[in-house]
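Notes follow the structure.
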Amino acid sequence: MTMPSDPRRAGAGTQQSHAAEEPGGRPDKLLVRFCDYLAGNRGLSEHTVRAYHVDVSDYLRWAQRLRIDPLCATHRQLRRYLAELDQARYSRTTINRRLSALRTFFRWLMAEGEVDSDPVSVLQGPRQGRKLPRVISAADMARILKVHARSTGGDGASAQPEKASVEVGSKQWAEELRDQALLEFLYACGARISEASGLLLANVDFDLCQVKVYGKGSKERIIPLHDMAVRSLKTYATCGRPKLVEKAGEPYFFVSNRGARYSTDAMRKMFKATLLKAGVDTTYSPHDMRHTFATDLLNGGADLRSVQEMLGHVSLSTTQVYTHVSVARLKEVHRLAHPRG
(Lines give C-alpha, C1' and ligand atoms only; values in the text may rest on other atoms or scores of the structure.)
Protein backbone atom coordinates (compact mmCIF):
# COMPACT_ATOMS: atom_id res chain seq x y z
CA MET A 1 0.00 0.00 0.00
CA THR A 2 1.40 3.40 -0.96
CA MET A 3 1.50 5.69 2.04
CA PRO A 4 1.87 9.50 1.82
CA SER A 5 5.30 10.75 2.87
CA ASP A 6 3.84 13.45 5.09
CA PRO A 7 0.47 12.49 6.59
CA ARG A 8 -0.07 16.09 7.75
CA ARG A 9 -0.29 17.17 4.11
CA ALA A 10 -2.18 14.12 2.84
CA GLY A 11 -5.52 15.91 2.94
CA ALA A 12 -4.22 19.16 1.44
CA GLY A 13 -6.31 20.45 -1.43
CA THR A 14 -9.25 18.18 -0.61
CA GLN A 15 -12.66 19.45 0.32
CA GLN A 16 -13.51 19.39 4.01
CA SER A 17 -16.93 19.71 5.54
CA HIS A 18 -17.34 22.68 7.86
CA ALA A 19 -20.54 21.10 9.10
CA ALA A 20 -18.98 17.90 10.44
CA GLU A 21 -21.56 15.73 12.11
CA GLU A 22 -21.79 15.78 15.87
CA PRO A 23 -21.91 12.49 17.85
CA GLY A 24 -25.33 10.94 17.40
CA GLY A 25 -25.73 12.64 14.00
CA ARG A 26 -26.55 11.13 10.63
CA PRO A 27 -23.39 8.97 10.24
CA ASP A 28 -23.94 7.35 13.64
CA LYS A 29 -27.58 6.68 12.86
CA LEU A 30 -26.59 5.14 9.53
CA LEU A 31 -24.08 2.94 11.36
CA VAL A 32 -26.87 1.62 13.58
CA ARG A 33 -28.97 0.83 10.49
CA PHE A 34 -25.95 -0.80 8.85
CA CYS A 35 -25.38 -3.09 11.85
CA ASP A 36 -29.08 -3.98 11.91
CA TYR A 37 -28.75 -4.92 8.23
CA LEU A 38 -25.71 -7.13 8.93
CA ALA A 39 -27.53 -8.96 11.72
CA GLY A 40 -30.96 -9.16 10.15
CA ASN A 41 -30.36 -9.47 6.40
CA ARG A 42 -26.97 -11.13 6.26
CA GLY A 43 -27.36 -13.19 9.42
CA LEU A 44 -23.93 -12.33 10.80
CA SER A 45 -23.13 -13.28 14.38
CA GLU A 46 -23.28 -10.81 17.24
CA HIS A 47 -19.49 -10.96 17.53
CA THR A 48 -19.00 -10.14 13.83
CA VAL A 49 -21.52 -7.28 13.89
CA ARG A 50 -19.78 -5.86 16.96
CA ALA A 51 -16.43 -5.96 15.11
CA TYR A 52 -17.93 -4.05 12.16
CA HIS A 53 -19.36 -1.48 14.54
CA VAL A 54 -16.00 -0.94 16.25
CA ASP A 55 -14.10 -0.58 12.97
CA VAL A 56 -16.53 1.84 11.33
CA SER A 57 -16.88 3.83 14.56
CA ASP A 58 -13.12 4.34 14.62
CA TYR A 59 -13.26 5.85 11.14
CA LEU A 60 -16.19 8.11 12.07
CA ARG A 61 -14.31 9.43 15.11
CA TRP A 62 -11.22 10.07 12.98
CA ALA A 63 -13.27 11.99 10.41
CA GLN A 64 -14.96 14.05 13.11
CA ARG A 65 -11.60 14.91 14.67
CA LEU A 66 -10.36 16.24 11.32
CA ARG A 67 -13.71 17.90 10.53
CA ILE A 68 -14.20 15.73 7.47
CA ASP A 69 -17.67 14.64 6.41
CA PRO A 70 -17.24 10.82 6.72
CA LEU A 71 -19.90 10.17 4.08
CA CYS A 72 -18.28 12.47 1.52
CA ALA A 73 -14.62 11.62 2.13
CA THR A 74 -12.37 11.30 -0.92
CA HIS A 75 -10.09 8.37 -1.63
CA ARG A 76 -7.15 10.67 -0.76
CA GLN A 77 -8.60 11.35 2.68
CA LEU A 78 -9.27 7.66 3.25
CA ARG A 79 -5.71 6.89 2.20
CA ARG A 80 -4.61 9.36 4.86
CA TYR A 81 -6.70 7.49 7.43
CA LEU A 82 -4.99 4.21 6.51
CA ALA A 83 -1.60 5.92 6.61
CA GLU A 84 -2.22 7.14 10.14
CA LEU A 85 -3.14 3.60 11.21
CA ASP A 86 0.15 2.43 9.74
CA GLN A 87 2.09 5.19 11.51
CA ALA A 88 0.38 4.22 14.77
CA ARG A 89 1.90 0.74 14.25
CA TYR A 90 -1.36 -1.12 13.72
CA SER A 91 -0.74 -4.53 12.22
CA ARG A 92 -1.38 -5.13 8.53
CA THR A 93 -4.14 -7.54 9.51
CA THR A 94 -5.91 -4.83 11.52
CA ILE A 95 -5.53 -2.22 8.77
CA ASN A 96 -6.96 -4.63 6.19
CA ARG A 97 -9.84 -5.49 8.51
CA ARG A 98 -10.66 -1.79 8.99
CA LEU A 99 -10.54 -1.29 5.22
CA SER A 100 -12.78 -4.29 4.64
CA ALA A 101 -15.33 -2.95 7.14
CA LEU A 102 -15.36 0.44 5.39
CA ARG A 103 -15.70 -1.25 2.00
CA THR A 104 -18.78 -3.14 3.18
CA PHE A 105 -20.17 0.01 4.84
CA PHE A 106 -19.85 2.16 1.73
CA ARG A 107 -21.29 -0.55 -0.52
CA TRP A 108 -24.32 -0.61 1.76
CA LEU A 109 -24.53 3.20 1.70
CA MET A 110 -24.49 3.14 -2.11
CA ALA A 111 -27.17 0.44 -2.24
CA GLU A 112 -29.33 2.47 0.16
CA GLY A 113 -28.88 5.64 -1.88
CA GLU A 114 -27.25 7.44 1.05
CA VAL A 115 -24.09 8.41 -0.89
CA ASP A 116 -23.35 9.13 -4.55
CA SER A 117 -19.87 7.59 -4.74
CA ASP A 118 -17.75 4.91 -3.12
CA PRO A 119 -14.22 6.20 -2.41
CA VAL A 120 -13.18 2.91 -0.77
CA SER A 121 -13.53 0.85 -3.95
CA VAL A 122 -10.26 2.17 -5.40
CA LEU A 123 -8.18 1.56 -2.26
CA GLN A 124 -5.98 -1.43 -1.56
CA GLY A 125 -4.71 -2.54 1.82
CA PRO A 126 -1.14 -3.52 2.67
CA ARG A 127 -0.02 -6.89 1.42
CA GLN A 128 0.52 -9.51 4.05
CA GLY A 129 1.92 -12.99 4.00
CA ARG A 130 -0.51 -15.79 4.57
CA LYS A 131 0.10 -17.41 7.93
CA LEU A 132 -0.12 -21.16 8.14
CA PRO A 133 -2.85 -22.36 10.52
CA ARG A 134 -1.64 -23.61 13.86
CA VAL A 135 -2.09 -27.33 14.46
CA ILE A 136 -2.25 -29.11 17.81
CA SER A 137 0.13 -32.07 17.98
CA ALA A 138 -1.29 -35.56 18.38
CA ALA A 139 0.29 -35.89 21.84
CA ASP A 140 -1.17 -32.58 23.05
CA MET A 141 -4.57 -33.41 21.58
CA ALA A 142 -4.61 -36.71 23.46
CA ARG A 143 -3.82 -34.88 26.72
CA ILE A 144 -6.56 -32.30 26.10
CA LEU A 145 -9.19 -34.96 25.41
CA LYS A 146 -8.30 -36.89 28.58
CA VAL A 147 -8.80 -34.07 31.09
CA HIS A 148 -12.58 -34.29 31.47
CA ALA A 149 -12.70 -37.96 30.52
CA ARG A 150 -10.70 -38.81 33.66
CA SER A 151 -13.20 -36.88 35.79
CA THR A 152 -16.16 -38.83 34.38
CA GLY A 153 -14.56 -42.25 34.41
CA GLY A 154 -13.11 -42.69 30.92
CA ASP A 155 -13.47 -41.50 27.34
CA GLY A 156 -15.58 -44.39 26.14
CA ALA A 157 -12.69 -45.96 24.24
CA SER A 158 -11.70 -48.52 26.84
CA ALA A 159 -13.70 -51.57 27.87
CA GLN A 160 -12.94 -50.96 31.57
CA PRO A 161 -13.63 -47.30 32.42
CA GLU A 162 -11.63 -45.63 35.17
CA LYS A 163 -13.20 -44.62 38.45
CA ALA A 164 -14.65 -41.12 38.15
CA SER A 165 -12.85 -38.43 40.18
CA VAL A 166 -16.13 -36.56 40.77
CA GLU A 167 -19.35 -37.93 42.19
CA VAL A 168 -21.30 -39.70 39.47
CA GLY A 169 -24.70 -38.09 39.00
CA SER A 170 -23.68 -34.76 40.53
CA LYS A 171 -23.96 -31.45 38.72
CA GLN A 172 -20.16 -31.23 38.50
CA TRP A 173 -20.15 -34.65 36.83
CA ALA A 174 -22.74 -33.38 34.33
CA GLU A 175 -20.54 -30.36 33.58
CA GLU A 176 -17.56 -32.62 32.96
CA LEU A 177 -19.65 -34.75 30.58
CA ARG A 178 -20.65 -31.57 28.73
CA ASP A 179 -17.12 -30.23 28.42
CA GLN A 180 -15.80 -33.60 27.27
CA ALA A 181 -18.57 -33.78 24.65
CA LEU A 182 -17.80 -30.24 23.49
CA LEU A 183 -14.10 -30.95 23.00
CA GLU A 184 -14.86 -34.18 21.17
CA PHE A 185 -17.35 -32.28 19.01
CA LEU A 186 -14.89 -29.54 18.04
CA TYR A 187 -12.21 -32.02 17.06
CA ALA A 188 -14.63 -34.48 15.40
CA CYS A 189 -16.19 -32.05 12.93
CA GLY A 190 -14.03 -28.91 12.82
CA ALA A 191 -16.86 -26.65 13.96
CA ARG A 192 -16.27 -23.05 14.91
CA ILE A 193 -16.80 -22.19 18.56
CA SER A 194 -19.78 -20.02 17.57
CA GLU A 195 -21.29 -22.99 15.72
CA ALA A 196 -20.89 -25.18 18.80
CA SER A 197 -22.57 -22.55 20.97
CA GLY A 198 -25.45 -22.28 18.50
CA LEU A 199 -25.87 -26.04 17.98
CA LEU A 200 -29.51 -27.04 18.43
CA LEU A 201 -30.57 -30.21 20.22
CA ALA A 202 -32.87 -31.02 17.28
CA ASN A 203 -29.93 -30.89 14.87
CA VAL A 204 -27.91 -33.69 16.48
CA ASP A 205 -28.79 -36.98 14.81
CA PHE A 206 -27.37 -39.92 16.75
CA ASP A 207 -28.90 -42.52 14.42
CA LEU A 208 -27.23 -41.08 11.32
CA CYS A 209 -24.10 -40.00 13.25
CA GLN A 210 -24.21 -36.45 11.97
CA VAL A 211 -24.95 -32.87 13.01
CA LYS A 212 -26.40 -29.86 11.24
CA VAL A 213 -24.67 -26.56 11.99
CA TYR A 214 -25.18 -22.99 10.84
CA GLY A 215 -21.99 -21.19 9.85
CA LYS A 216 -21.21 -17.68 8.72
CA GLY A 217 -24.16 -15.98 7.14
CA SER A 218 -26.44 -18.68 8.63
CA LYS A 219 -25.30 -21.10 5.93
CA GLU A 220 -26.34 -24.63 6.77
CA ARG A 221 -24.11 -27.67 6.44
CA ILE A 222 -24.21 -31.27 7.63
CA ILE A 223 -21.09 -32.89 9.11
CA PRO A 224 -20.58 -36.57 9.92
CA LEU A 225 -19.35 -37.68 13.35
CA HIS A 226 -17.14 -40.64 14.26
CA ASP A 227 -18.31 -43.25 16.76
CA MET A 228 -16.28 -41.99 19.73
CA ALA A 229 -17.69 -38.47 19.37
CA VAL A 230 -21.21 -39.85 19.03
CA ARG A 231 -20.80 -41.84 22.27
CA SER A 232 -19.52 -38.79 24.13
CA LEU A 233 -22.31 -36.54 22.81
CA LYS A 234 -24.97 -39.15 23.53
CA THR A 235 -23.74 -39.73 27.09
CA TYR A 236 -23.89 -35.99 27.74
CA ALA A 237 -27.33 -35.66 26.11
CA THR A 238 -28.90 -38.50 28.09
CA CYS A 239 -27.06 -38.30 31.43
CA GLY A 240 -25.49 -34.85 31.80
CA ARG A 241 -27.68 -32.35 29.99
CA PRO A 242 -30.91 -33.18 31.92
CA LYS A 243 -29.12 -32.29 35.18
CA LEU A 244 -28.13 -28.87 33.80
CA VAL A 245 -31.32 -27.84 32.00
CA GLU A 246 -33.68 -25.95 34.29
CA LYS A 247 -36.52 -25.13 31.90
CA ALA A 248 -38.37 -27.38 29.51
CA GLY A 249 -37.90 -26.78 25.82
CA GLU A 250 -34.35 -25.39 26.00
CA PRO A 251 -33.34 -25.62 22.30
CA TYR A 252 -29.54 -25.52 22.55
CA PHE A 253 -27.54 -28.71 22.79
CA PHE A 254 -24.67 -27.36 24.91
CA VAL A 255 -26.00 -25.59 28.00
CA SER A 256 -24.34 -23.66 30.79
CA ASN A 257 -24.28 -24.48 34.49
CA ARG A 258 -27.54 -22.51 34.74
CA GLY A 259 -29.23 -24.45 31.97
CA ALA A 260 -29.13 -21.73 29.29
CA ARG A 261 -27.10 -21.57 26.08
CA TYR A 262 -23.38 -22.25 26.66
CA SER A 263 -21.85 -18.97 25.44
CA THR A 264 -18.70 -18.71 23.34
CA ASP A 265 -16.96 -16.76 26.11
CA ALA A 266 -17.70 -19.51 28.64
CA MET A 267 -16.50 -22.16 26.16
CA ARG A 268 -13.22 -20.32 25.61
CA LYS A 269 -12.73 -19.96 29.36
CA MET A 270 -13.32 -23.69 29.82
CA PHE A 271 -10.89 -24.46 26.99
CA LYS A 272 -8.09 -22.40 28.60
CA ALA A 273 -8.68 -24.11 31.95
CA THR A 274 -8.50 -27.48 30.19
CA LEU A 275 -5.15 -26.58 28.62
CA LEU A 276 -3.76 -25.76 32.06
CA LYS A 277 -4.96 -29.08 33.50
CA ALA A 278 -3.58 -30.95 30.48
CA GLY A 279 -0.15 -29.36 30.91
CA VAL A 280 0.06 -28.25 27.26
CA ASP A 281 0.72 -24.92 25.56
CA THR A 282 -1.88 -22.51 26.94
CA THR A 283 -1.78 -20.33 23.81
CA TYR A 284 -3.79 -22.91 21.86
CA SER A 285 -7.28 -21.72 20.92
CA PRO A 286 -10.54 -23.56 20.17
CA HIS A 287 -10.05 -22.55 16.53
CA ASP A 288 -6.82 -24.57 16.51
CA MET A 289 -9.03 -27.64 17.01
CA ARG A 290 -10.67 -26.74 13.69
CA HIS A 291 -7.26 -26.36 12.02
CA THR A 292 -6.17 -29.71 13.43
CA PHE A 293 -9.35 -31.42 12.24
CA ALA A 294 -8.79 -30.23 8.66
CA THR A 295 -5.09 -31.04 8.62
CA ASP A 296 -5.58 -34.52 10.06
CA LEU A 297 -8.25 -35.27 7.44
CA LEU A 298 -5.98 -34.24 4.57
CA ASN A 299 -3.03 -36.13 6.04
CA GLY A 300 -5.33 -39.15 6.29
CA GLY A 301 -6.16 -39.02 2.58
CA ALA A 302 -9.36 -36.95 2.46
CA ASP A 303 -9.93 -34.95 -0.71
CA LEU A 304 -9.87 -31.17 -0.60
CA ARG A 305 -13.47 -30.71 -1.74
CA SER A 306 -14.82 -32.88 1.06
CA VAL A 307 -12.81 -30.96 3.65
CA GLN A 308 -14.06 -27.68 2.14
CA GLU A 309 -17.64 -28.88 2.51
CA MET A 310 -17.17 -29.95 6.13
CA LEU A 311 -15.47 -26.68 7.09
CA GLY A 312 -18.09 -24.60 5.31
CA HIS A 313 -15.59 -22.63 3.24
CA VAL A 314 -17.08 -20.73 0.31
CA SER A 315 -13.83 -20.75 -1.65
CA LEU A 316 -11.61 -23.75 -2.19
CA SER A 317 -8.57 -21.47 -1.94
CA THR A 318 -9.40 -20.92 1.74
CA THR A 319 -9.21 -24.67 2.35
CA GLN A 320 -6.01 -25.04 0.31
CA VAL A 321 -3.97 -23.42 3.07
CA TYR A 322 -4.17 -26.75 4.91
CA THR A 323 -2.35 -28.49 2.06
CA HIS A 324 0.61 -26.24 2.83
CA VAL A 325 0.57 -27.52 6.39
CA SER A 326 0.72 -31.08 5.09
CA VAL A 327 3.58 -30.22 2.75
CA ALA A 328 5.42 -28.54 5.62
CA ARG A 329 5.02 -31.72 7.65
CA LEU A 330 6.38 -33.81 4.77
CA LYS A 331 9.40 -31.53 4.51
CA GLU A 332 10.06 -31.86 8.23
CA VAL A 333 9.82 -35.66 8.05
CA HIS A 334 12.16 -35.63 5.05
CA ARG A 335 14.66 -33.41 6.87
CA LEU A 336 14.72 -35.64 9.95
CA ALA A 337 14.70 -38.99 8.16
CA HIS A 338 16.90 -38.48 5.10
CA PRO A 339 20.59 -39.41 5.57
CA ARG A 340 21.64 -36.06 4.11
CA GLY A 341 18.82 -34.08 5.77
Side-chain angles (χ1 to χ4, degrees), residues 38 42-49 51-52 93 96-97 100 104 128-138 140-142 144-145 181-200 202-206 208-230 232-233 252-254 262-264 267-268 270-271 283-330:
L38 294 177
R42 291 185 52 180
L44 301 186
S45 69
E46 182 181 344
H47 174 77
T48 302
V49 173
Y52 271 104
T93 300
N96 279 319
R97 193 194 70 226
S100 177
T104 305
Q128 56 188 64
R130 195 170 195 180
K131 294 173 63 177
L132 291 179
R134 190 180 187 193
V135 176
I136 302 174
S137 69
D140 282 353
M141 185 64 78
I144 292 169
L145 294 177
L182 173 60
L183 294 172
E184 290 282 6
F185 173 76
L186 292 174
Y187 181 47
C189 64
R192 300 178 179 91
I193 195 78
S194 59
E195 294 168 347
S197 177
L199 180 66
L200 298 175
N203 290 340
V204 181
D205 192 324
F206 294 117
L208 296 179
C209 299
Q210 64 185 31
V211 293
K212 181 193 298 182
V213 300
Y214 293 92
K216 293 182 177 180
S218 296
K219 293 180 180 177
E220 174 189 307
R221 69 182 191 278
I222 294 176
I223 314 173
L225 295 171
H226 55 68
D227 290 343
M228 189 178 295
V230 170
S232 183
L233 291 169
Y252 294 103
F253 184 79
F254 292 109
Y262 202 7
S263 71
T264 55
M267 287 180 174
R268 290 190 179 94
M270 179 278 293
F271 187 79
T283 62
Y284 285 135
S285 73
H287 209 71
D288 293 334
M289 301 277 275
R290 176 173 165 88
H291 295 324
T292 308
F293 161 80
T295 304
D296 286 352
L297 282 183
L298 289 171
N299 284 339
D303 64 277
L304 202 58
R305 287 287 183 185
S306 296
V307 176
Q308 176 194 7
E309 183 71 21
M310 284 184 274
L311 291 176
H313 287 160
V314 175
S315 172
L316 188 61
S317 62
T318 307
T319 316
Q320 283 176 331
V321 68
Y322 295 106
T323 64
H324 299 309
V325 176
S326 300
V327 171
R329 172 61 182 157
L330 290 175

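Bear in mind that the values here come from a model prediction, so they are computed numbers and not experimental data.
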task = Sort and list the pairs that fulfil salt bridge (Lys or Arg N to Asp or Glu O under 4.0 Å) and have at least one residue in residues 186-196, not counting sequence neighbours.
result = R192-E195, E195-R221
message = Looking at every non-hydrogen atom in both residues, tell me the closest pair between L233 and A181 and how far apart they are.
response = CD2-O, 3.7 Å
Least distance between heavy atoms, Y284 atom then F271 atom = O-CE2, 3.7 Å
remark   = Residue set satisfying side-chain hydrogen bond (donor to acceptor under 3.5 Å, both in side chains) with S194, at least two apart, ordered chain then number -> none
query = Do M289 and M141 touch side chain to side chain, with heavy atoms closer than 4.5 Å?
reply = yes
ask   = For the atom pair CD1 (I222) and SG (C189), what is the distance rounded to the nearest 0.5 Å?
value = 12.5 Å
request  = Mark yes when over 12 heavy atoms from residues, nucleotides or ligands other than H47 sit less than 6.0 Å from its NE2; otherwise mark no.
outcome  = no
message = Quick check for you: to the nearest 0.5 Å, what is the distance between S306 atom OG and L311 atom CG?
response = 11.0 Å
query = Do side-chain atoms of D288 reach the backbone of S285 as a donor and acceptor pair under 3.5 angstrom?
reply = yes
request  = Mark yes or no for whether T264, through its side chain, and I193, through its backbone, hold a donor-acceptor pair below 3.5 Å.
outcome  = no
request  = Might you point out which heavy atoms bring H291 and R134 nearest each other, and give the distance in Å?
outcome  = CB-O, 3.2 Å
message = For S197 versus S263, what's the shortest heavy-atom pair and its separation?
response = OG-CA, 3.9 Å
inquiry  = What's the separation between atom CZ in R290 and atom CE in M310, rounded to the nearest 0.5 Å?
reply    = 11.5 Å
task = Measure the shortest side-chain to side-chain distance between R268 and H287 over non-hydrogen atoms and say whether it is less than 4.5 angstrom.
result = no
ask   = How many angstroms lie between atom CG of L225 and atom CG of L208, to the nearest 0.5 angstrom?
value = 10.5 Å
inquiry  = Could you walk me through whether L38 and T48 satisfy the side chain to side chain contact (heavy atoms under 4.5 Å, CB included) test, starting with their C-alpha distance in whole Å, then the side-chain angles of each, then the deciding distance to 0.1 Å, before giving a yes or no?
reply    = CA-CA 9 Å; L38 294 177; T48 302; over 6 Å; no
message = Could you walk me through whether V211 and N203 satisfy the side chain to side chain contact (heavy atoms under 4.5 Å, CB included) test, starting with their C-alpha distance in whole Å, then the side-chain angles of each, then the deciding distance to 0.1 Å, before giving a yes or no?
response = CA-CA 6 Å; V211 293; N203 290 340; 6.0 Å; no
ask   = How many angstroms lie between atom OG of S232 and atom CG of D227, to the nearest 0.5 angstrom?
value = 12.5 Å
key: Non-hydrogen side-chain atoms of L200 and Y252 separated by less than 4.5 Å   = yes
request  = Mind checking side-chain contact (heavy atoms from CB on, under 4.5 Å) for A196 and listing every partner two or more places apart, or none if nothing turns up?
outcome  = L182, F185, L186, M267
key: Residue pair L145 / M228, side-chain heavy-atom distance below 4.5 Å   = no
message = If you define the side chain from C-beta out and look only at heavy atoms, does anything of V135 sit under 4.5 Å from T292?
response = yes
request  = Hey, could you give me the CG/CD1 distance between L183 and I144, rounded to the nearest 0.5 Å?
outcome  = 7.5 Å
message = Can you tell me if E46 has over 12 outside heavy atoms packed within less than 6.0 Å of its CD?
response = no
